[in-house]
Amino acid sequence: ITRVLCIAQPDAFGRYRLGVQLWIDADGAVRDIRVLEGSGQRERDARVLRSLRDLALDAPPPALPQPLTILLTPRTDPARDCRPHRSRAG
């Protein structure tokens with residue numbers, strides 16, 4: 001989710017609070033989304049929801065309770081969260 005949102009909104013990720021619930025199909029597709037707490041900017045919320053609807057997730061375990069509740073919160077260093085991962089191996 002972080003990677004998708006960093007790509008979709010590189011200048012805004014980690015600078016707002018937004019709560020959503022996701023329902024995920026057996027094949028990993030996001031079936032439904034509900035906003036629990038908006039960020040205060042409808043355009044940003046709509047952009048986040050579009051990005052989440054397009055997620056390609058792994059299939060969830062059959063017994064996974066749904067919906068999944070996701071709370072995006074302001075980050076102290078959003079740019080750090082959006083940097084590509086580098087492994088220590090080498």
Side-chain angles (χ1 to χ4, degrees):
I1 291 175
T2 298
R3 189 174 332 132
V4 167
L5 295 178
C6 283
I7 291 167
Q9 46 181 320
D11 296 330
F13 176 77
R15 293 175 175 86
Y16 57 88
R17 180 180 171 96
L18 175 67
V20 298
Q21 288 185 315
L22 303 177
W23 284 262
I24 302 169
D25 284 342
D27 63 358
V30 175
R31 178 176 43 107
D32 196 13
I33 300 176
R34 183 174 84 179
V35 174
L36 297 175
E37 175 187 340
S39 71
Q41 293 187 10
R42 287 184 185 169
E43 186 175 309
R44 175 181 20 219
D45 294 355
R47 196 169 34 244
V48 169
L49 295 180
R50 278 192 303 274
S51 296
L52 293 175
R53 280 190 182 93
D54 292 341
L55 280 174
L57 302 168
D58 292 334
L64 181 70
Q66 295 201 42
L68 303 177
T69 301
I70 308 291
L71 180 60
L72 303 171
T73 58
R75 314 290 293 171
T76 56
D77 187 2
R80 180 173 183 235
D81 293 333
C82 290
R83 279 189 284 230
H85 174 72
R86 294 185 182 149
S87 69
R88 294 184 186 189

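Below, all heavy atoms of this structure are taken into account, side chains as well, without hydrogens, waters or symmetry copies.
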inquiry  = Is there a path of hydrophobic side-chain contacts, each under 4.5 Å between heavy atoms of I/L/V/M/F/W/Y residues, joining L52 to L64?
reply    = yes

Value rounded to 0.5 Å, distance of OG1 in T69 from CZ in R34 = 8.0 Å

Hydrophobic cluster identity match, L68 and V48, side-chain contacts under 4.5 Å = yes

Distance-minimising heavy-atom pair for L5 and S51 = CD2-CB, 3.9 Å

remark   = Rounding to 0.5 Å, atoms CZ (R17) and OG1 (T73) come to a distance of 7.0 Å

Distance (rounded to the nearest 0.5 Å) between R15 CZ and L72 CG = 13.5 Å

task = Answer yes if L57 and V4 sit in the same cluster of Ile, Leu, Val, Met, Phe, Trp and Tyr residues linked by side chain heavy atoms under 4.5 Å apart, and no otherwise.
result = yes

key: Q9 side, atom CD; R44 side, atom CZ - distance, nearest 0.5 Å   = 7.5 Å

request  = State the CG-CZ distance between L22 and R31, to the nearest 0.5 angstrom.
outcome  = 11.0 Å

task = Decide if atom CG of D58 counts as having more than 12 heavy atoms of other residues, nucleotides or ligands within a radius under 6.0 Å.
result = no

query = Do I70 and V35 belong together in a cluster built from hydrophobic side chains that touch within less than 4.5 Å?
reply = yes

ask   = So do V20 and I33 actually touch side chain to side chain, heavy atoms under 4.5 Å?
value = yes

ask   = Got a sec: does the CZ of R53 have more than 12 other heavy atoms crowding it under 6.0 Å?
value = yes

ask   = Heavy-atom distance under 4.5 Å between the side chains of F13 and T2, does that happen here?
value = yes

task = Output the distance between atom CD (Q66) and atom CG (D25), rounded to the nearest 0.5 Å.
result = 8.0 Å

request  = Decide whether I7 and L55 are clustered together by the hydrophobic rule: side chain heavy atoms of Ile, Leu, Val, Met, Phe, Trp, Tyr closer than 4.5 Å, transitively.
outcome  = no

